[in-house]
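Take a look at the structure set out below.
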Amino acid sequence: AENLKIETASDLKRGGSSGDISPNMTQAIFHTAKDAFDSSVGASPTQWIVFQVTDIKTPKFDANSADGKHIEDTLRNQVSDDLIGQYVGWLENNLGTTINPSVLAQAMGNGTPDTN
């Protein structure tokens with residue numbers, strides 16, 4: 001009665017857009033369970049889309065792909081930073097010392113030399 005369009009979209013990728021599906025809609029879709037309905041703002045603030053997630057496909061992980069290498073590098077850096085942060089916290093608490101974070105970053109190659 002309202003002449004509303006019914007469309008089907010497939011092969012959506014997290015964090016992107018596809019055709020008429022905006023990044024905000026894509027985010028809403030990926031936060032919706034299979035067979036559930038939800039809605040999201042469309043291409044303009046006055047446009048609202050009601051959708052149903054009918055299928056979820058999890059892509060196979062390829063560790064040798066560019067995305068796989070990026071995930072590996074990010075994870076390695078985060079684990080390293082976390083371990084160093086815990087060690088520095090232990091040193092400060094148990095030895096009663098303080099560590100200058102900018103000097104530590106410089107010593108680890110993560111900062112620029114202080115010219116002062």
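Numbers for residues simply follow the sequence, beginning at 1. These values consider heavy atoms only, across backbone and side chains, with no hydrogens, waters or symmetry-generated copies. Only a predicted model underlies this, so the values are computations on that prediction, with no experimental measurement involved.
- Of the inter-residue distances, the one linking Arg14 atom CZ with Thr26 atom OG1 reads 10.5 Å to the nearest 0.5 angstrom.
- Interatomic distance, CD of Gln52 versus CG of Asp38, reported as 11.5 Å (0.5 Å rounding).
- Placement of Leu75 and Leu83 within a single hydrophobic cluster is found when ILVMFWY residues are connected by side-chain heavy-atom separations under 4.5 Å, directly or transitively.
- For the atom pair OG (Ser40) and NE2 (His31), the distance works out to 11.5 Å, reported to the nearest 0.5 Å.
- Using a 4.5 Å heavy-atom threshold, the side chains of Leu104 and Ile84 count as touching.
- Residues Ser102 and Asn100 bring a donor and an acceptor atom of their side chains to less than 3.5 Å of each other.
- Cluster membership check: Leu91 does not share its hydrophobic cluster with Val103, using side-chain heavy-atom separations under 4.5 Å among Ile, Leu, Val, Met, Phe, Trp and Tyr.
- Contact check for Ile71 versus Phe61: side-chain heavy atoms found under the 4.5 Å cut-off.
- Val53 has its side chain out of reach of Asp35: every pair of non-hydrogen atoms, C-beta onward, lies at least 4.5 Å apart.
- Contact of the Ile29 side chain with the Ile21 side chain is registered, since non-hydrogen atoms from C-beta on lie closer than 4.5 Å.
- Counting all heavy atoms, side chain and backbone alike, Asp55 lies closest to Lys34 at CA-CE, 4.2 Å.
- Linking Ile, Leu, Val, Met, Phe, Trp and Tyr residues whenever their side-chain heavy atoms come within less than 4.5 Å leaves Trp48 and Val50 in two separate clusters.
- Without hydrogens or angle criteria, Glu92 side chain to Ile99 main chain gives a donor-acceptor distance under 3.5 Å.
- Under the 4.5 Å side-chain criterion, counting only non-hydrogen atoms from C-beta, Asn64 is in contact with Lys69.
- Listed by chain and residue number, Asp82 satisfy the side-chain hydrogen bond (donor to acceptor under 3.5 Å, both in side chains) test with Gln86 (two or more places apart in sequence, or in another chain).
- Contact annotation: the side chain of Phe30 approaches that of Leu12 to within less than 4.5 Å [non-hydrogen atoms, C-beta and beyond].
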